[in-house]
Amino acid sequence: MPTLPDTPGVPTAVELPAISIQGLSKSFGTNEVLKDISLDVATGEVVCVIGPSGSGKSTLLRCVNMLETPTSGTIHVGADEMTDPDVDIDRVRRRIGMVFQSFNLFPHLTVLQNLTIAQTKVLRRSKAEADKVARHNLERVGMTHKEDAFPAQLSGGQQQRVAIARSLSMDPELMLFDEPTSALDPELVGEVLAVMKSLANQGMTMMIVTHEMAFAREVADRVVFMDGGYVVEEGSPADVIGDPKESRTKSFLHRVLNPLVIEPDELTDEGVQDLR
Amino acid sequence: MALDTAAPPKPRMSRRQRARLTRWAQYGVGILVVLFLVVKTDWAQFNAAFFRLDIVQRMWPSVITIGLKNTLIYTALAFIFGLALGLIIAMMKLSSIGPYRWFANAYVELFRGLPALVVLFMVAYGIPNAFPGFQFPGDIYGKVMVGLGLTAAAYMAETIRAGIQAVPKGQVEAARTLRMGYGRTIFSIVLPQAFRVVIPPLTNEIILLVKDSSLVYVLGVTFAQYELTKFSQDFLNRTVNPTPLIVGALCYLIITLPLSSLVRALEKRYAKAR
């Protein structure tokens, strides 16, 4: 496990929530994926979004930095309204880092170039300064020894750590993680979670879509359970994961935590029929 | 039914033995054909037809300084024009704006469907006629650049479009979350990756252009403007002997063979960075 040096938290405007989602709906054609979602994320808070696949978790996350355009509703990031057509999305996006399930490192660039390209081309930092920031962030994720490697030469866990460092190099105020460990071999999950945990400890505001219940239970300040485009239940990890109130939450967690509990006669064309 | 179990088993060849025998039989037939040709050919006559050294000497060195040089220039001009226009057409094909897509589709269908010779004719003679007073910059060079480049652009647009579409969508999303704008994303992230994909098909385009440059003769060129084919043809007419064609053909290979090995070298170099 990489050990990470402490970095002072990013100063932010207090009072306002880091992310404020109000009445958000999103449809793809006739398929309504998000239905009237309202959710706030406070500065410095770590929110884990859990739920079955197709429940709209990833779409919700992608709406926050406008990779998907919401059908209705508003999203504020700090004081800026992302959903306002007049707002300069790129300016607001600068404050939002995003980490993808499939890493999405640039395969034609070395690790260091992956971290510096946006710094030099977008933030107009000098090469020396960009290199310095990049190396600092590689150190935070324990990847300094691979700065000259190409992404294809790294393991999945290493690629994801580099991807996190790449996001950090743009000095984001908050970070979005879209199933960051779902594409990893099981033995590589831990190194990525360790990096995320240390970020959380450093006070980074984080919104994480994940299937890692142990991580959510330990690191999250709040857990949001989504199903069928709705927020079904939210609260502290101890409440939502440890003692869920809603039957859909119970059913989901039961299946996730006990994958061998499903009997063959419970299988239907749709997958698994709801327990209870 | 009585089986004759006493008889010794028929010696059967294994699959591998049979394959080896077949291969040697093929070699044998091949060697026989070559031997037959070598024996039957009247070599004195053959050399007189195809390898008259005195003719080669007469062509030297102008076959290089005029023929080969002009072929290279015409090819390069048409390629540069075609690549630039092809890139624009490819972007238009992928645009979310309808009229851009329609124009690009119409362009590709039109210029891919017309013979390169016809396009070259129309550009070189049609445009100056339609716009009196208009002169192509560099005269012959401008005409060739546009006349052959328009056709090349249609083919290259399709190739480049496929290359761009081969770049995963996540790459664009990652660039967007890093706040790169549209143009920056295209030029720094998408095109460098697309370029690696399209190197082999683009080389094909160059090789096709090398050969299309032989059409330039229809523009009524002077001796100093001859490319390889016209140059060889000229000597063919003067000497009434096919040797010049052989020399010209070899010169084409001098251009195309290194291109193929250049592609292999580039692909090897990019192998780890994709």
Side-chain angles (χ1 to χ4, degrees), chain A residues 58 61-62 64-68 88-111 113-124 148-154 159-160 162-172 174-178 183, chain B residues 83 86-87 90-91 94-98 101 156 159-203 262-274:
Chain A
S58 289
L61 202 68
R62 291 163 60 84
V64 172
N65 69 355
M66 297 295 280
L67 281 181
E68 305 288 353
D88 178 1
I89 290 190
D90 282 339
R91 188 177 56 81
V92 188
R93 268 196 189 135
R94 179 178 169 186
R95 295 160 30 203
I96 310 173
M98 179 143 185
V99 176
F100 300 87
Q101 179 177 351
S102 49
F103 327 134
N104 292 346
L105 291 179
F106 304 133
H108 61 298
L109 302 177
T110 65
V111 164
Q113 288 166 341
N114 261 280
L115 269 67
T116 54
I117 183 166
Q119 292 188 65
T120 52
K121 308 275 188 196
V122 177
L123 305 183
R124 306 257 165 239
D148 292 324
F150 283 97
Q153 299 166 315
L154 304 178
Q159 288 192 48
Q160 193 60 297
V162 171
I164 293 172
R166 180 175 68 176
S167 280
L168 290 172
S169 297
M170 299 296 280
D171 303 329
L174 59 104
M175 296 270 286
L176 309 175
F177 293 82
D178 187 4
Chain B
L83 185 66
L87 188 58
M91 302 286 225
L94 295 170
S95 167
S96 55
I97 300 163
R101 276 200 314 275
M156 287 197 254
T159 305
I160 295 169
R161 178 192 58 79
I164 291 176
Q165 284 181 322
V167 178
K169 195 165 154 251
Q171 292 289 311
V172 176
E173 290 183 349
R176 302 296 278 162
T177 59
L178 292 171
R179 230 194 81 185
M180 293 189 198
Y182 176 79
R184 173 61 61 201
T185 304
I186 292 290
F187 282 102
S188 293
I189 304 300
V190 176
L191 285 184
Q193 293 181 54
F195 180 66
R196 287 157 164 71
V197 179
V198 301
I199 288 174
L202 270 192
T203 316
L262 177 72
V263 177
R264 275 194 295 276
L266 281 176
E267 285 189 309
K268 206 169 155 190
R269 191 178 134 198
Y270 288 142
K272 67 175 178 176
R274 62 189 295 177

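Below, chains carry the letters A, B, ... as their sequence lines are ordered, and counting in each starts from 1.
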side-chain contact (heavy atoms from CB on, under 4.5 Å) with A:Thr120: which residues, sequence neighbours excluded? A:Ala130
Please name the pair of heavy atoms, one in B:Thr177 and one in A:Leu67, separated by the smallest distance, quoted to 0.1 Å. CG2-CD1, 4.1 Å
Identify which part of B:Arg184 has an atom lying under 4.5 Å from any heavy atom of chain A, answering side chain, backbone, both or neither. side chain
Grab the two heavy atoms, one from A:His108 and one from B:Ile189, that are nearest each other, plus how far apart they are. CE1-O, 3.7 Å
Need one label for A:Leu105: side chain, backbone, both or neither, based on atoms under 4.5 Å from any heavy atom in chain B. backbone
Among A:Arg62, A:Met66, A:Gln101, who wins on heavy-atom pairs under 4.5 Å with chain B? A:Arg62
Per-residue contact mode, A:Ile96 against chain B (heavy atom under 4.5 angstrom): backbone
Partner residues of A:Asp88 under the side-chain contact (heavy atoms from CB on, under 4.5 Å) criterion, sequence neighbours left out: A:Asp90, A:Arg91
All side-chain contact (heavy atoms from CB on, under 4.5 Å) counterparts of B:Ala174, not counting sequence neighbours: A:Phe100, A:Asn104, A:Phe106, A:Arg166
Please walk me through it: do A:Leu123 and B:Arg179 pass side chain to side chain contact (heavy atoms under 4.5 Å, CB included)? CA-CA 9 Å; A:Leu123 305 183; B:Arg179 230 194 81 185; 4.1 Å; yes
Heavy atoms, side chains only, cut-off 4.5 Å: are A:Lys121 and B:Met180 in contact? no
Is any residue of residues 160-168 of chain B within less than 4.5 Å of chain A by heavy atoms, and which ones? none
